[in-house]
Amino acid sequence: MAESNVASGQVRLAVLRGFSIPVVLLIVWQWLAPADASQTGIAPTPLGVLLGFWELTQSGELPRSLLQSLIRIASGFTIAFSLAVTAAVLVWLWRPVEYLLDPLIETFRPVAPIAWIPLAILWFGTGTWAAIFIVGYAVFFPSFVNTLAGLRAVDQRLIDAARTLGAGRWRIIRDLIIPGALPAIVLGARLGIGVGWAAIVAAEMTVGSKSGGGASGGIGQMMFIFLSYSLELRYIIVGMITVGIVALTIDAGFRRLERRLTPWAR
Amino acid sequence: MTVTGSAAGVTCRGVSMVYRNARTGESVAALGPIDLDIHPGEFLAIVGPSGCGKSTLLSVIAGLVMPTAGRLMLGSTPITGPGPERGVCFQDYALFPWMTVLDNIAFGPKARGWSRADREARARELIERVGLVGFETRYPHELSGGMRQRCALARVLANDPQVLLMDEPMAALDAQTRQLMQDDLLRVWSDGTERKTVVYVTHSIDEAVYLADRIVVMSARPGIIRAEIDNDFERPRAEIRTRPDYALRIEQIWNLIRSDALRALSAGD
């Protein structure tokens, strides 16, 4: 009991420490920014940004754009992650598949997701499908690489032990390979969705520039519209902060999932 | 369903193992030829210097490694692969890290298709036998070395194997724990209605003399059987460590191994 109290106290202290620098920066920022009552200039104050949060939430613009982006990342992630796990399992089961897939994967892996934006727009238009393609592309590689590494990292001795206890192929896959590879698979998903989220914002910004704003939405495009049409810098900052908070939340969620799925690793 | 059950003997005829060095293409004779009869219900220890192939011999009997030549039989059945009738205790226990003590021990029966109720009942029976009551829901990393050892033993015994193959199972334990675990092992081995056949690989001569009915002494390069010694001390053996004939037996075996061990030492392995 005492031990866990000490531990949670340490966690609280760490959180406090993590927040101290941002808070100081915010105070300095508020103090240095020119007093501009209209809050439309190029140097908005933290309080102005806070107000912007309220305004954009009130108008429904922020929740709508955010929901749009979240739906895109969820779809892109689901499709790409399933493909990545399937591909990794195939490579793991049949080594020849690796010889076929490896050159392809290693060629495309270093190509940044945003490099695909021109082609994605040509192929899928400027809407949701282009964004899903970009996200999916970003998610695929970390998921594939980590899943394969996880499958291969399962200790041969444990497999030997299971065989001497009478386990067949499927029993070994279900009770050894899957739980053994799970931490790496979740890690791959976490890294993938992080890259995917960063890519979707970039994608929506450029997609926005092409379509000149309009129906395709998303938080990246919301930011771009404020840049090109009204120069509402504090709204853009609201967008940036939202993007950061969402990334942090997704990451925390996956870390939680990781701990829940691997209770033995604590 | 039950392939397992009463003790059975193991017969090795001309078993040998040749490795080919992938880089030089040279063939290295690692083991054999070995001719050995392991009798049903006997506690057989295999000792020898490092590199004599004693662990390889055990893996071959376990069916995890196929010998280059020779025949192996369990009773009258040829050994063609691993199976639950030959349970293996690994040196570092090889417990499944993501399973609790209970699930680790229930794994063998589960793999052989037992229902949840049956296999858990079986696991609890073994948990009681090896003294792990109260630790059912712990994960292996939460256990001490001695408790992991017990868990590994219980996991193998849950399958009620005909032969128990143990590969330096106490090597990772400290000296005091090891002595306690040796007594535990003998207790578990002899408390059933019938004694299992045990093949116990160790580098500790003392341990072999304390535990075994018979001791096979191996020499290195190639790993062949140098001597078979009838280790006929009466059981229980709790008191024999202080006896002069016990010390003499150890000395006798050490003399058989010494030159090999020295050679292994100067060869750097």
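Lettering follows sequence order; numbering is per chain, from 1.
The local environment of CZ in B:R71 is sparse, with at most 12 non-hydrogen atoms from other residues, nucleotides or ligands closer than 6.0 Å. Counting non-hydrogen atoms of neighbouring residues, nucleotides and ligands closer than 6.0 angstrom, the CD atom of B:E128 reaches no more than 12 such neighbours. Annotation: B:M66, atom CE; neighbour count of heavy atoms from other residues, nucleotides and ligands within 6.0 Å is above 12. Remark: A:R174 CZ is loosely packed, at most 12 non-hydrogen atoms of other residues, nucleotides or ligands lying under 6.0 Å away.
For a residue to count as touching a neighbouring chain, one of its non-hydrogen atoms must lie under 4.5 Å from one of that chain's; by this rule B:R155 touches chain A with backbone and side chain alike. Contact of B:L95 with chain A is made through the backbone alone, with heavy-atom distances under 4.5 Å. Within the 4.5 angstrom heavy-atom criterion, only side-chain atoms of A:R171, from C-beta onward, approach chain B. If you measure heavy-atom distances from A:D155 to chain B, you find no contacts under 4.5 Å at all.
For chain A, the option among B:P109, B:G83, B:P82 with the highest count of heavy-atom pairs below 4.5 Å is B:P82. With chain A as the partner, the residue from B:D92, B:V88, B:L165, B:D103 showing the most heavy-atom pairs under 4.5 Å is B:D92.
Residue pairs satisfying the salt bridge (Lys or Arg N to Asp or Glu O under 4.0 Å) criterion with at least one member in residues 37-53 of chain B, sequence neighbours excluded, are listed as follows: B:R13-B:D37, B:E42-B:R214. Identified under the ring pair (Phe, Tyr, Trp, His ring centres under 6.0 Å) test for residues 158-183 of chain A, with sequence neighbours left out: none.
Listed in order of number, the residues of residues 88-114 of chain A that approach chain B to under 4.5 Å between heavy atoms amount to none.
Residues A:L158 and B:A94 share a closest heavy-atom pair of CD2-O, 3.4 Å. Residues B:M99 and A:D175 approach most closely at CE-O, 3.6 Å, considering heavy atoms. Shortest non-hydrogen contact noted between B:F107 and A:L165 is CD2-CD1, 3.8 Å.
Between the side chain of B:W98 and the main chain of A:L261, no donor-acceptor pair closer than 3.5 Å is present.
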Contacts under 3.5 angstrom, residues 181-201 of chain A side chains, donor-acceptor by atom type, not counting sequence neighbours:
from, atom 1, to, atom 2, distance (Å)
A:R190, NH1, A:D251, OD1, 3.1
A:R190, NH1, A:D251, OD2, 3.4
A:W197, NE1, A:V243, O, 3.0

